Amino acid sequence: MKDITIKGLTFVPYLSREDIAKQVERVAAEVKRDCVTDSPIFVCVLKGAFMFAADLYRAIDMPKSEIAFIRYKSYSGTESTGEMNKILGLNDDVTGREVIIIEDIVDTGLTAHTLRSDIEAMHPMSVKMATLLYKPESLKHGKAPEYVGIEIPPKFIVGYGLDFDERARGLKEIYVLKKED
Ligand code: 5GP
């Protein structure tokens with residue numbers, strides 16, 4: 001794995017494909033173990049979680065489950081704007097259903113908290129969250145996610161679905177913004 005430069009910023013290798021795959025398998029096993037119904041609905045938060053959701057959903061392998069997609073946006077460049085704009089809604093009926101939200105990363109927790117509240121208002125049986133990455137030191141809103149792939153320090157990362165101004169989502173590994181000397 002080599003350093004990459006996007007729009008003048010350098011990112012250094014942080015998590016390999018193997019590191020990611022191992023944690024995806026573990027989280028999938030935990031989610032599956034805890035499901036109380038055989039037809040939960042998974043809610044993938046676009047765009048960042050698309051790659052994690054594809055791998056996690058396949059690994060969970062529950063034929064009667066469903067997957068839905070929702071989109072919020074709270075980031076501009078490498079900084080959270082602190083605002084939540086709902087872009088794509090959840091049309092599927094979640095009333096009385098076991099809901100598992102699939103997130104790429106929980107940073108301040110604003111997206112996660114808003115999503116939970118919005119879905120809880122639809123009277124599901126339960127709402128849980130599985131996130132690939134979690135920055136516990138940055139959490140300001142709501143509670144910690146139930147399922148976490150990897151806990152990381154409060155640094156800006158890209159790759160495996162996560163972007164820097166819409167770039168870098170296709171990287172198979174995860175990279176971290178290089179600290180300026
Ligand atoms: P929060 O609402 O928890 O502050 O931020 C959640 C959203 O911000 C994530 O779904 C993700 O889109 C974006 N985000 C937070 N931290 C990072 C990061 O380190 N890298 C990238 N690329 N996006 C991030």
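Just follow the structure's listing: the first ligand is 1, and inside any ligand the first atom is 1. All of these numbers come straight from a predicted model, not from anything done at the bench.
With values rounded to the nearest 0.5 angstrom, K155 atom NZ is found 9.5 Å from L177 atom CG. Separation of atoms CZ (F42) and CD (E98) is listed at 8.0 Å; rounding is to 0.5 Å. A distance of 7.5 Å separates CG of D104 from CD1 of I157, quoted to the nearest 0.5 Å.
Heavy atoms only, all atoms of each residue included: A68 and I41 are closest at CB-CD1, 4.2 Å.
At least one heavy atom of K135 sits closer than 4.0 Å to an atom of ligand 1. Residue G109 places a heavy atom under 4.0 Å from ligand 1. Heavy atoms of H113 stay at 4.0 angstrom or farther from ligand 1. At least one heavy atom of F156 sits less than 4.0 Å from an atom of ligand 1.
Checking I157, L162, L110 against atom 20 (N) of ligand 1, the nearest heavy atom belongs to I157.
With ligand atoms numbered from 1 in the order given, ligand 1 contributes 6 (C), 9 (C), 10 (O), 11 (C), 14 (N), 15 (C), 16 (N), 17 (C), 18 (C), 19 (O), 24 (C) to contacts under 4.0 Å with heavy atoms of I105. Close contacts between ligand 1 and E103 involve ligand atoms 10 (O) [criterion: under 4.0 Å to a heavy atom]. Taking every heavy atom of D104 and a limit of under 4.0 angstrom, the matching atoms of ligand 1 come to 9 (C), 10 (O), 11 (C), 12 (O). Proximity to T108 (heavy-atom distance under 4.0 Å) selects the following atoms of ligand 1: 1 (P), 2 (O), 3 (O), 4 (O). Less than 4.0 angstrom separates some heavy atom of K155 from each of these atoms of ligand 1: 19 (O). Which parts of ligand 1 touch D163 is read off a 4.0 Å heavy-atom cut-off, strictly below it: atoms 21 (C), 22 (N).
Residue L133 does not touch ligand 1, judged by heavy-atom distances below 4.0 Å. With a 4.0 Å cut-off on non-hydrogen atoms, H141 does not touch ligand 1 at all.
Note on ring orientation: taking the six-membered ring where Trp is involved, the planes of H141 and H113 are parallel (angle under 30°, cut-offs 30° and 60°).
Each of I150, V148, I152 was scored for a side chain to side chain contact (heavy atoms under 4.5 Å, CB included) with Y134, with one residue passing: V148.
Using modelled atom types and a 3.5 Å distance limit, the side chains of Y160 and K172 yield no donor-acceptor pair.
Classification of K22 and D19 as a salt-bridged pair fails, no side-chain N sitting under 4.0 Å from a carboxylate O. Between E151 and K135 there is no salt bridge, since none of the side-chain N atoms of the basic residue sits less than 4.0 Å from a carboxylate O of the acidic one.
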